[in-house]
Amino acid sequence: MKKDALYRLQHTFGYDRFRGEQAEIIEHMAGGGDALVIMPTGGGKSLCYQIPALLRQGVAIVVSPLIALMQDQVSALQQLGIQAAFLNSTLALDDARQVENQMLANQLDLVYVAPERLNTARMLELLRRAEISLFAIDEAHCVSQWGHDFRTDYLKLSLLHEQFPQIPRIALTATADERTRNDVIQRLGLGNAKQFISGFDRPNIRYLIAPKQNPKQQLLSFLKNKHQGDAGIVYCLSRKKVEDVAEWLSQQDIETLPYHAGLSADIRQRNQHRFLREEGVVIAATIAFGMGIDKPNVRFVAHLDLPKSIESYYQETGRAGRDGQPANAWMVFGLQDVITLRQFIESSEADDFHKRIERSRLDAVLGLCEITTCRRQVLLAYFGDTLTEPCGNCDTCLYPAETWDATEVAQKALSCVYRTDQRFGVNYLIDVLRGSENERIQRFGHSQISTYGIGRELQTTQWRSVFRQLISRGFLNVDLEGHGGLRLTELCRPLLKGKQKIQLRKDIKPEKKIRSETRKSASFATSDEELLWKTLRAERTRLAKEQSLPPYVIFHDATLMEMVAHRPASLDEFSRLSGVGESKLEKYGESFLTVLSRYRDGADTQSDTVNETLQLFRQQLDVEEISIRRELKSDTIYRHLAQGLEQGSMKLDEVVTLSHQEVAQIEDVILALPPDQHCSLKSVYESFNEEYSYGVLSCVRAAWRYKTHQLRQENSSK
Ligand code: ADP
Ligand code: ZN
């Protein structure tokens, strides 16, 4: 009898429990049913066919459109001790024959196959002779012409149903608008399949959208403040800008590689390869980059230009945080973007019908940018999903935007457009409103009109914000000729007649926001933790290089974070980390334990500054006295003492003046955190409304760690 699903999850994959609907889907597949699975990126779709593949007799055939990824997908499975292989055009003939023979000999659990190959006589013959456990059709939306990833070869996949009706099939995708979903069902003959549809939300992605001031500087401070050493993607509209941004960031010590269709295939491949194989590489790219980028630890996606639709925005930002760890989707937009995009549509060759579609797509993007309520609610609503409460993890939730009654100002702006005959651009209109005395205004005689100089109360930047919002919200349109001249639309009437009021968003200076929150996505409370994290990451890279694998195939970030939090000291403790199954324990347990123990010893001898604090403490000085004597902040002293506490060389009540009850409460909050966040004190700090300093909290946590470590040792020696 084969082992059951939960056993496989825990022993092969090293995870504690199923996520979302995984358990139901796996049970359904293992029992031989057909399924359609719609789950957001990072939701854990792969396990839905990988575990049934292990539970059922025979080999599972996984159809995937991304040949470039197959090698990595197969390597990741092999790391888990699973028998996997792939068949695609990159394989030498002999190697392909070998895979075929292994299939016939029932020596494989999973085989990844490119869709074009599936339709060949040879392959069909092979499928008839081998024992097949199931068919999994990954990226199933490729069968639909509505999506952007349509693949003709996917249409032929209906033959699976026709020729192998008794073999269970599972189709999976993250794209779930209704049209696409219906296409998938119809074209793949999944009418009787059970549907498992989860929402669209990507709760670990934080959406941050700000008005452009100085975009490059804004990007730089975002990266320096929040993403030192992280991998991420910066999207730009043009090739030139991609090159420019890549070069500029690299000069600022952020290693950035360019990627766009104008580069030779060689360079593109090399840059993509480095992005996947090395830690902390940033890619500056046009939208040519990203399809099939399966790197789980992309920590941010930044947009320096507006995407052309919400669908593109969601797909591009969706490449961040596939591993479920916190990630940022950052974007800046400005008046010029709004004008350029509007102009682009108006002056295109498309017919009216298509222009109307393009306009409404753009309106949705601009609406998302200008909104003053929760961004995630708007995004999800666009896809027909409802989020009842504001998310608390987007910029408008975190730093609520202020609005102001701009009715009168808007009337002034619109009248000025009208009085100057609807042919001038924003800069000129602002000059007229502010009563500038320039030569053009004289020449056109606009110093004589009623709107000349009626807008001196606002600065030029404020006027630009007003115009941007009026254009975004459709009160003004851009001329067809492409000079940037503005025209009134029908929407203006009630506003101009005073029958409608308008609230506009106050643009906040972005620097202010960023400084108030300088957290990194992988947030560590102490530099000690950060150092250990880097050391572990280096070990991961070393092991990956040895085998020419991408580092995340060794362990995901979440598993390394758990090592930082729990500091396992034995194979048994190591095996309890999430993401450590039997195969990886055997392969890598010792290596990482050695690094951890070396680090522990190093920490003992290295940190003279910690020892100095500990010595003073043993001489009965309290935290305040030590802090004065050493000219260090008391928080720093607490953190030094935390190290003593973690080694058990002192007691918590000697260090902090907290009641037992308070300590218990803090411990409860730490315990309630998901294990991979045990090293982040930020949420603990926030749950107590900042009542306890980080220093005090790190002492409580250190004492708790010592206590649990002792308990574990007692248990294992019994
Ligand atoms: P998708 O294909 O839906 O984008 P993946 O299958 O790549 O998602 O899974 C995303 C991440 O979540 C991977 O790192 C995977 O190992 C992890 N994961 C999946 N299921 C679980 C689970 N039950 N517990 C913990 N981690 C999981
Ligand atoms: Zn929100």
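One-based numbering, in listed order, for ligands and for the atoms of each.
Look at P296 and you'll find every heavy atom at least 4.0 Å from all atoms of ligand 1. Within the 4.0 Å heavy-atom cutoff, G324 does not count among the residues contacting ligand 1. Contact annotation: M39 has no heavy atom less than 4.0 Å from any atom of ligand 1.
Each of the atoms 19 (C), 20 (N), 21 (C) of ligand 1 lies under 4.0 Å from some heavy atom of L47. The T41 neighbourhood of ligand 1 comprises atoms 4 (O), with distances under 4.0 Å to a heavy atom of that residue. Annotation for ligand 1: atoms under 4.0 Å from non-hydrogen atoms of R17 are 22 (C), 23 (N), 24 (N).
The aromatic rings of Y588 and F592 sit perpendicular to each other, their planes meeting at more than 60°, with 30° as the lower class boundary. Below 30°, between 30° and 60°, or above 60°: for H227 and F222 the angle between ring planes is above 60°, a perpendicular geometry.
For ligand 1, the polar-atom distance check finds no N/O of D323 at less than 3.5 Å from any of the ligand's N/O atoms. Looking at G42 next to ligand 1, an N or O pair under 3.5 Å apart turns up. For ligand 1, the polar-atom distance check finds an N/O of H556 within less than 3.5 Å of one of the ligand's N/O atoms.
A distance-only check finds no donor-acceptor pair linking the side chain of R375 to the backbone of T396 [under 3.5 Å]. Between the side chain of E562 and the main chain of A558, no donor-acceptor pair closer than 3.5 Å is present. Between the side chain of D72 and the main chain of L69, no donor-acceptor pair closer than 3.5 Å is present. Of the possible polar contacts, one joining the R319 side chain to the G290 backbone as a donor-acceptor pair under 3.5 Å is found.
The heavy atom nearest to atom 6 (O) of ligand 1, considering only S46, G14, P40, is found in S46.
Salt-bridge check for R540 with E279: passed, with a basic side-chain N closer than 4.0 Å to an acidic carboxylate O. Between D507 and K212 there is no salt bridge, since no side-chain nitrogen of the basic residue lies less than 4.0 Å from a carboxylate oxygen of the acidic one. Here D183 does not pair with R179 in a salt bridge; the nearest charged N to carboxylate O distance is not below 4.0 Å.
Atom 20 (N) of ligand 1 has as its closest protein heavy atom Q22 NE2, 3.0 Å. Looking only at protein heavy atoms, the nearest one to atom 26 (N) of ligand 1 is R19 NH2, 3.3 Å. The protein heavy-atom contact nearest to atom 10 (C) of ligand 1 is R322 O, 3.4 Å. Closest protein heavy atom to atom 16 (O) of ligand 1: Y15 OH, 2.5 Å. What sits closest to atom 9 (O) of ligand 1 on the protein, heavy atoms only, is G44 CA, 3.5 Å.
Centred on the Zn ion (ligand 2), the angle running from C394 (SG) to C391 (SG) is recorded as 110°, rounding to 10°. Angle SG(C374) to the Zn ion (ligand 2) to SG(C397), rounded to 10°: 100°.
Remark: aromatic rings of F275 and Y259 are distant, center separation not under 6.0 Å. Centroid-to-centroid, the aromatic rings of Y382 and Y314 stay 6.0 Å apart or farther.
Proximity of F18 to ligand 1, defined as any heavy-atom pair under 4.0 Å, is confined to the backbone N, CA, C and O atoms.
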